[in-house]
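Count residues from 1 along the sequence. If you're wondering where the values come from, they're calculated on a predicted model, not measured in any experiment.
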Amino acid sequence: MQRAPILVTALSLLANSASAANPAITADALRAHIRFLSSDLLEGRGTASRGDDVAMSYIAAQMEGMGLQPGAPDGGWLQRFDVVGITSHGPDTVEFRHGSERVVLKGREEFIGVSGVQKESSGLKDAELVFVGYGIQAPEYQWDDFKDADLKGKVLVMMNNDPESDPQLFAGKRRLYYGRWDYKYAQGGRAGAAGVILIHTEHSAAYPWQVVQTSWTGENFELPDEGEPRLQVKAWATEDACRRLAKLGGQDLDALRARAEQRDFRPVPLGVTVSLDLKNDLHRTQTANVIGRLPGAGKALAREAVFYTAHHDHLGLKPGVAGADAIYNGALDNASGVATLLVLAQSFAQQAQKPRRTLYFAAVGAEEQGLLGSKYLAAHPPVHAGRIAADINMDGINIWGPTSDVTVIGLGKSSLDDTLRTLTAAQKRGVVDDPFPDKGSYYRSDQFSFARIGVPSAYVRSGTEVIGKPKGWGREQQEAFVAKDYHQPSDELRDSWNLDGAVQDAMLLLRLGQRVADAPAMPRWRAGDEFEATRKKALAEAAALK
């Protein structure tokens, strides 16, 4: 019973010893950055808000003080990009009809609908609901939920995940991009549908209904419309509400979902119609990615790059119940990731011998709005995609203490795994796969934007085996955070946070970036990975450049 405290003390000494060689990486340094970025002064760092502008100024000033160079493509600190804010105003209730019968859903409590178009009004007029299963079209799995059905003008009711009963199909319980809400809304748009209603369950969404309420109400941002197919209405409804809608159409929701597990499933018209008018306030503005640059020391490799990324935005102010805290401070999500980005940048800047490849430190914007900042950065990078060796992303850090393991989101996708295993072994820790594969975390954070342009990407999260705690304690803490604090005003910096594990992980990410920056060859995707073909194309394009 006396060994656990000794282990904690020993590991803390190890972390402190590592920090002595890297004085920028300390628990105090991390806490100081988090304290400012998550303070009430910044009002939750909502996209394009005053508080987020303050955060960006702080990050740029910190980078300048470290001696980094401005890293945006135009030579400045800020890579500005346009966004369109949409605040949709709808009725307090939404009525669904089938003949003389009807079901009325309460806005916010049971149904949330927002505009899918960047116009002052949008809506539905006697649009029929059609259950389309998962709404997935995946030729590589011989899967097509739409078949040849005419879905133009319809409202598609979809499950918010992908099939998980067969481990050989859609990676089993591991959520793929096919299970993401943005894929599903895009699918509806491509099919010519007027709207999509996603069936919310806590299992399929990986978060409770309250997260839908906080994330999809108020002002939502998008990149400017470039002519892509769009829905009139993007919506969510609770599972109980969807049961009632299915019953209104003479169907049983569980039976419909069971049928949708088979390849031969075909869309099921429900005979239920809905009308909905939305009035939309449009707010065209700008936000930015903050980018610092540390030139590489290699003669040939300096034109190639390693990126570190973390998003600086959160949800901002969302007034609700009178007297309740309206500031969504976003301390863990993701002031903590930006804090790690800054201490890593300072550590590299203080090194006498700089890495061979150029390092970019990008605090990206509008992640909470659908990875908008990293999407823009990936589309307009300061160096060609074929010359970006890797992206190392940070979205949340370890606040529970040192761990004997490290979680790698997307384990098995690239050769970065091999480097991580070597480095964690040196820390006497083990690499573990995502303990929550059903959450689809790889497709929910900014490294995904880099992966989509072919860049191998690492996303390391806190381990779950906390030294000195009972087995499973760390997992319980992470689950409790999602249930109580994720995207809630309670995500605040607390004195109880133990950042010794965050120092461990920051040291790991420092060494990972150093290894990748100095290696003769760039990381590669595993053969057959979904991003391998895009990478090969990018490498060929880069090779053709002068």
Side-chain angles (χ1 to χ4, degrees), residues 22 24-25 59 63 66-73 79 289-311 337-338 340-351 353-364 373-374 377-378 380-395 408-410 413-420 422-423 445-460 505-525 531 534-535 538-539 542 545:
N22 295 274
I25 303 178
I59 296 164
M63 289 181 176
M66 297 168 191
L68 298 187
Q69 296 179 3
Q79 181 186 42
N289 301 320
V290 188
I291 309 175
R293 175 177 178 269
L294 187 67
K299 185 174 182 180
L301 294 183
R303 67 178 185 172
E304 296 177 357
V306 176
F307 274 73
Y308 283 95
T309 52
H311 72 90
V338 175
T340 307
L341 180 85
L342 291 173
V343 298
L344 289 172
Q346 185 168 2
S347 185
F348 276 114
Q350 291 173 347
Q351 291 181 4
Q353 181 61 44
K354 299 298 187 284
R356 297 168 70 191
R357 287 185 175 87
T358 296
L359 299 182
Y360 285 88
F361 301 90
V364 297
S374 59
L377 174 58
H380 306 89
V383 295
H384 189 279
R387 289 180 176 167
I388 302 176
D391 173 55
I392 301 170
N393 186 55
M394 294 150 288
D395 196 350
V408 176
I409 307 298
K413 296 185 70 64
S414 80
S415 62
L416 287 167
D417 297 345
D418 302 329
T419 307
L420 281 166
T422 299
L423 295 174
S445 198
D446 290 305
Q447 82 290 328
F448 178 49
S449 296
F450 281 82
R452 295 183 79 172
I453 62 169
V455 177
S457 304
Y459 181 18
V460 174
D505 291 346
M507 289 298 305
L508 175 64
L509 297 181
L510 176 78
R511 289 163 181 158
L512 176 62
Q514 185 84 52
R515 287 285 185 95
V516 174
D518 288 340
M522 293 192 289
R524 64 190 183 282
W525 296 105
F531 304 115
T534 304
R535 182 59 165 177
L539 292 173
L545 298 174

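Once rounded to the nearest 0.5 Å, the distance linking CD of Gln514 with CD of Gln351 reads 4.5 Å. In this structure, Leu539 CG and Thr534 OG1 are separated by 11.0 Å, a value rounded to the nearest 0.5 Å. Glu304 contributes atom CD, which lies 4.5 Å from atom CE of Met522 (distance to the nearest 0.5 angstrom). Put simply, CG on Asp505 and OG1 on Thr340 are 8.5 Å apart, with the number rounded to the nearest 0.5 Å. From Ile25, atom CD1 reaches atom CD of Gln350 across 9.5 Å, with rounding to the nearest 0.5 Å. Rounding to the nearest 0.5 Å places CD of Gln79 at 5.0 Å from CG of Leu377.
Across Gly373 and Val364, no two heavy atoms sit closer than the pair C-CB, 4.2 Å. The shortest non-hydrogen separation linking Gly410 to Asp417 is O-OD1, 4.5 Å. Of all the heavy atoms in Met66 and Gln346, the pair that sits closest is SD-N, 3.5 Å. When all heavy atoms of Val306 and Ala389 are compared, the pair lying nearest together is CG2-CB, 4.1 Å. Heavy atoms only, all atoms of each residue included: Asn393 and Ser445 are closest at ND2-OG, 2.9 Å. Counting all heavy atoms, side chain and backbone alike, Arg511 lies closest to Leu423 at C-CD1, 3.7 Å.
With a 4.5 Å cut-off on side-chain heavy atoms, Lys413 and Phe531 count as touching. Here the side chains of Arg303 and Arg387 are in contact, with some heavy-atom distance below 4.5 Å. When side chains are defined from C-beta on, Met63 counts as touching Leu342, because their heavy atoms get closer than 4.5 Å. Counting heavy atoms from C-beta on, the side chains of Asp518 and Gln353 never come closer than 4.5 Å. Using a 4.5 Å cut-off on side-chain heavy atoms (C-beta onward), Phe307 and Val383 make contact. In this structure the side chain of Leu344 never reaches within 4.5 angstrom of the side chain of Ile392, judged on heavy atoms.
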Check: residues 452-459 side-chain donor-acceptor pairs under 3.5 Å, at least two apart:
| unit_1 | atom_1 | unit_2 | atom_2 | d |
| --- | --- | --- | --- | --- |
| Ser457 | OG | Gln447 | O | 3.3 |
| Ser457 | OG | Val455 | O | 2.8 |
| Tyr459 | OH | Arg461 | NH1 | 2.8 |

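Here the side chain of Ser415 pairs no donor or acceptor atom with the backbone of Pro523 at under 3.5 angstrom. Checked by atom type and distance alone, the side chain of Tyr360 never pairs as donor or acceptor with a backbone atom of Pro382 at under 3.5 Å.
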Is there a side-chain contact (heavy atoms from CB on, under 4.5 Å) between Leu416 and Val408 once you walk through the steps? CA-CA 10 Å; Leu416 287 167; Val408 176; over 6 Å; no

Would you sort out whether Leu508 and Leu420 count as a side-chain contact (heavy atoms from CB on, under 4.5 Å), showing the intermediate values? CA-CA 8 Å; Leu508 175 64; Leu420 281 166; 4.3 Å; yes

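In this pair, Phe361 and Tyr308 present their aromatic rings parallel. The plane angle is below 30°, not in the 30 to 60° band.
Side chain to side chain, Thr309 and Asp446 fail the donor-acceptor criterion of an N or O pair below 3.5 Å.
Every residue two or more places apart in sequence or in another chain was checked for a salt bridge (Lys or Arg N to Asp or Glu O under 4.0 Å) with Asp395, and none qualifies. With sequence neighbours left out, Lys354 forms a side chain to side chain contact (heavy atoms under 4.5 Å, CB included) with Leu294, Ala297.
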